[in-house]
S.K.: 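Handing you this structure, nothing more for now.
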Amino acid sequence: MVMPSFRFAKTSFPSAAAELREQVRQFVTEQEACGSFVCGPGSWTRFDADMSAKIGAQGWIGMTWPKRYGGHERSALERYVVTEELLAAGVPLRAHYSADRQIGPLILQFGNEEQRRRLLPLIAAGKCACAIGLSEPDSGSDLAAMRTRATRVDGGWRVEGRKMWIGHAHKAQILNLFLRTSSTEESRHSGISRFLIDMSWPGITVRPIINLHGDHDYNEVVFDDLFVPDNMVVGEIGQAWSQLGSDLAYERSAPDRWLGAFETLKCMIDELARRPGPRQEEACGRLVAHLWTFREMSLSIAGMLERGQLPNVEAAVVKDLGTAFDQEIPNVARSLFSESMRADLDDDNLFEAVLDYDLLYAPSLSIKGGTREMLRNAIARGLGLR
Amino acid sequence: MSEMRELLVDTATRQFADLCTNAAFDVAETGSLDLRLWQALEDTGLAAATQSEARGGAGADLGDALAVVREAGSAGLPAPLAETLIAELMLASASLPPLAGPLSVGPVLGRSELELKRANNAWQLHGTMKRIPWGRHAHAVVALAEYDGKNATVVVQHPAVSRQSANYAREPRDTMHFDGLLIPDGDVSVPGSGMSVDQLQVTGALFRSVAMAGALFRTLQTTVEYAMQRQQFGRPIGKFQAIQQQVAILASQVAAANAAADAAVEAATHDLAAATFEIAAAKTRVGEAAGIAAAIAHQVHGAMGFSYEYSLQRSTRRLWSWRDEFGSEAEWAAWIGKTVARVGGRGLWAFVTSPVKNVSSAKT
Ligand SMILES: Cc1cc2nc3c(=O)[nH]c(=O)nc-3n(C[C@H](O)[C@H](O)[C@H](O)COP(=O)(O)OP(=O)(O)OC[C@H]3O[C@@H](n4cnc5c(N)ncnc54)[C@H](O)[C@@H]3O)c2cc1C
């Protein structure tokens with residue numbers, strides 16, 4: 001029996017990567033020096049429209065897209081270099097991250113010419129934040145159970161329904177919305193379509209949902225007689241289910257999946273340097289070995305994307321292991337760098353603040369973007385067990 | 001994959017499948033080495049895969065040789081192939097001539113165990129080396145000994161074993177005691193040349209990591225096949241979600257371990273002496289995966305996996321053994337911890353993206 005998909009082919013950087021990496025590091029140093037961001041809790045997950053515009057101006061959004069759509073025609077591996085550098089540096093990326101990672105590539109793949117010409121240059125400039133509307137009150141892991149629906153009207157569609165847990169819907173310009181455009185009679189997977197919604201249109205109500213960290217991050221989004229013109233339908237009506245596979249590969253494969261608690265890890269190693277201890281050494285060393293391995297795996301996935309493959313199962317592997325890693329870091333930190341030790345740190349030391357963030361956000365990591373169990377189902381399917 | 005590597009892997013896969021019969025494992029289980037099996041490895045040249053062209057080899061690079069070691073790990077090949085390949089690396093770096101196998105190496109515990117003395121115009125070897133792999137079967141053991149504060153490489157021909165023992169897979173791990181054993185001048189390198197004990201430990205960790213990557217892959221294959229074929233409650237157990245979720249974890253661990261091992265191989269093939277971090281990280285990651293994977297594989301197999309008859313234990317007992325050899329994951333993780341403490345949190349990312357540059361600068 002052969003299971004080639006479980007061998008992550010060793011991938012190396014192209015020669016241009018080193019220079020690009022230096023450019024990104026230079027940019028980060030300058031931005032930090034002029035105070036346009038500070039390292040800290042939330043790290044790259046913070047939403048900062050100005051920073052995204054600056055990154056867009058550098059040519060670091062939509063890097064792999066055609067130039068005629070505002071892209072830069074760089075390779076997936078070059079894009080990988082920029083992504084990992086910005087993530088690891090803790091630069092706020094949320095205002096363009098899902099547009100760059102997911103929505104842009106999907107518009108490129110499934111959208112029509114007008115959508116590409118209008119939206120992709122805006123996204124690439126870092127001036128168009130996108131939210132993703134999949135989940136509903138009664139449809140989480142079971143996406144096909146979605147009930148938000150559209151009915152045909154002259155020149156477009158009328159939408160009624162409710163989406164839940166929509167990250168940054170209150171700040172986004174565009175919502176990438178999945179909904180039903182026909183009944184579920186033939187098959188649960190047919191009749192699902194993808195619309196692009198301009199969040200300024202009438203008929204949309206966004207209600208905050210506060211999370212356990214006390215932040216307003218995700219939202220409930222209600223559609224009441226929302227009109228969507230035909231030109232905002234992406235791909236064929238009723239055929240969006242098959243597009244979802246690409247969504248997930250893009251969403252799950254990036255290095256953000258194992259750089260979610262990097263700030264805490266950095267603080268642990270600073271403390272280790274100040275006060276070496278054998279248990280701390282071993283624990284930190286082990287986490288660094290994992291980090292290095294994840295990087296090799298994500299790099300390999302970037303190589304697969306570069307070769308035009310859609311590494312769904314590999315992406316699920318990295319996301320499952322990576323989120324578990326990000327959940328483990330704060331847990332190891334709190335146990336081995338004890339409360340008494342943390343209590344005595346200088347007031348401006350970041351350890352407590354980043355630990356607070358990474359520990360409290362940890363439970364969400366193996367839920368959003370597909371739960372741990374759903375990922376493992378997908379891996380088992382890849383092994384031929386389902 | 002280069003043509004050379006493809007050819008070697010192909011030869012290895014076929015030859016190991018032929019050689020690794022039930023009968024061969026039964027023989028190995030008693031602590032014996034099947035000399036015809038060894039001869040077959042010499043005949044195909046696999047046993048000389050680390051020999052450079054200048055030293056009479058076929059011109060495979062370290063990565064090619066390690067691709068063979070991975071296949072040997074997957075098959076559970078009961079022979080000192082890895083040790084013989086490492087011995088040649090030691091001989092080459094000490095400018096000593098190649099030797100016919102089977103060979104072994106030492107010390108393997110990451111510490112200095114031997115001392116050379118010069119008396120009456122002759123070399124004398126003193127000390128005790130423990131856990132020498134396949135020691136009793138080695139035509140020679142290539143050993144590192146201290147002389148005058150320097151390190152020398154010593155060839156001990158037909159070494160006597162003072163105590164036999166074995167690892168969990170019943171591979172021989174023997175003690176050798178030397179009390180002034182006379183060593184011919186030609187079998188001792190110039191003191192100060194050749195590998196150090198630390199370098200041997202790193203090299204051994206690399207070889208064991210790669211062998212484990214192979215054994216892990218085999219463990220996954222065996223487990224998936226079994227889950228599809230074993231029926232309970234009227235269907236294959238692989239149809240139960242509880243089993244699927246466990247096998248998914250197993251597969252992820254195997255994938256991570258292989259990615260780590262492959263990356264270490266690449267770094268080592270480029271420059272073995274500069275690949276300590278990559279090898280340390282691989283041994284740490286693969287060793288951890290070995291424990292998780294073996295436990296899941298056994299759980300999925302039920303009683304069958306616990307039997308000697310069934311092949312799973314050939315992989316899992318080797319995984320349990322090899323993860324301890326040339327440094328456990330705890331030991332290597334501690335080394336990494338000490339190393340990254342020198343660069344601090346701010347330097348961590350630069351370190352991870354370019355460990356070579358940073359390990360050397362951290363040391364100075
Ligand atoms: C921080 C955060 C941000 C989010 N952002 C967005 C967003 O921007 N857009 C969006 O659309 N959604 C978003 N979500 C929602 C997210 O996609 C869903 O939470 C997720 O898909 C799981 O759905 P659920 O929460 O309804 O859990 P459920 O599907 O109800 O699952 C509950 C539990 O049951 C398990 N389970 C369910 N089905 C199975 C099965 N078949 N086999 C085994 N176990 C199963 C799950 O694994 C889980 O453990 C976000 C969620 C979070 C926490």
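Order of the sequence lines fixes the chain letters, A, B, ..., with proteins taken first and strands second; residue numbering starts at 1 for each chain. Basis for what follows: all heavy atoms, side chains included, without hydrogens, waters or symmetry-related copies.
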S.K.: If you count the non-hydrogen atoms of other residues, nucleotides and ligands that lie under 6.0 Å from CD in Glu19(A), is the total more than 12?
M.R.: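 No, not enclosed.
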
S.K.: Mind running side chain to side chain contact (heavy atoms under 4.5 Å, CB included) on Val247(B) and Arg376(A) for me, showing each step along the way?
M.R.: CA-CA 9 Å; Val247(B) 177; Arg376(A) 291 179 182 170; over 6 Å; no

S.K.: Between Trp349(B) and Glu84(A), does a side chain to side chain contact (heavy atoms under 4.5 Å, CB included) hold up when you go through it step by step?
M.R.: CA-CA 10 Å; Trp349(B) 182 251; Glu84(A) 70 169 6; 3.5 Å; yes

S.K.: Taking the side chain from Asp262(B) and the backbone from Lys10(A), do they hold a donor-acceptor pair closer than 3.5 Å?
M.R.: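 Side chain of Asp262(B) to backbone of Lys10(A): no pair is present.
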
S.K.: Checking Leu321(A) against chain B: side chain, backbone, both or neither under 4.5 Å from a heavy atom?
M.R.: side chain

S.K.: For the residue pair Trp335(B) / Glu281(A), report whether a side-chain donor-acceptor contact shorter than 3.5 Å exists.
M.R.: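 Result is no, nothing qualifies.
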
S.K.: Would you say that more than 12 heavy atoms from the other residues, nucleotides or ligands in this model lie under 6.0 Å from the CD of Gln299(B), or not?
M.R.: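 Not buried by this count: 12 neighbours or fewer within 6.0 Å.
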
S.K.: Please state whether the side chain, the backbone, both or neither of Leu375(A) comes within less than 4.5 Å of a heavy atom of chain B.
M.R.: neither

S.K.: Examine whether an atom of Glu278(B) lies under 4.5 Å from a heavy atom of chain A, and if so say whether it belongs to the side chain, the backbone or both; otherwise answer neither.
M.R.: both

S.K.: Using the side chain to side chain contact (heavy atoms under 4.5 Å, CB included) rule, take Trp292(A) and Ile336(B) through it: C-alpha gap first, then chi angles, then the decisive distance, then the call.
M.R.: CA-CA 11 Å; Trp292(A) 170 83; Ile336(B) 297 171; over 6 Å; no

S.K.: Met268(A), Arg295(A), Glu263(A): which one forms the most heavy-atom pairs within less than 4.5 Å of chain B?
M.R.: Arg295(A)

S.K.: Assess, by modelled atom type and distance only, whether the side chains of Ser12(A) and Glu266(B) contain a donor and an acceptor separated by less than 3.5 Å.
M.R.: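 A donor-acceptor contact under 3.5 Å links the two side chains.
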
S.K.: Checking heavy atoms, do the side chain of Val254(B), its backbone, both or neither come under 4.5 Å from chain A?
M.R.: neither

S.K.: Return the option, out of Leu265(A), Thr293(A), Thr11(A), Ile379(A), with the maximum number of heavy-atom pairs under 4.5 Å with chain B.
M.R.: Thr293(A)

S.K.: Ignoring hydrogens and geometry beyond distance, is a side-chain donor-acceptor pair present between Ser354(B) and Arg21(A) at under 3.5 Å?
M.R.: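 There is no such pair (donor and acceptor under 3.5 Å, judged by atom type) between the side chains of Ser354(B) and Arg21(A).
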
S.K.: Over all heavy atoms of both residues, which pair between Ile269(A) and Gly344(B) is shortest? Give the atoms and the distance, please.
M.R.: CG2-C, 3.6 Å

S.K.: Glu373(A) versus chain B, heavy atoms under 4.5 Å apart: side chain, backbone, both or neither?
M.R.: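 When you check distances to chain B, atoms from both the backbone and side chain of Glu373(A) fall under 4.5 Å.
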
S.K.: Could you have a look at Met297(A), His290(A), Arg279(A), Arg381(A) and say which one has the most heavy-atom pairs with chain B under 4.5 angstrom?
M.R.: His290(A)

S.K.: Please rank Asp320(A), Asn377(A), Leu291(A) by heavy-atom pairs under 4.5 Å with chain B and give me the top one.
M.R.: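 Of Asp320(A), Asn377(A), Leu291(A), Asn377(A) has the most heavy-atom pairs under 4.5 Å with chain B.
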
S.K.: Please look at Glu329(B) and chain A and tell me whether the side chain, the backbone, both or neither of the residue comes under 4.5 angstrom of a heavy atom of that chain.
M.R.: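 Neither part, no heavy atoms under 4.5 Å.
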
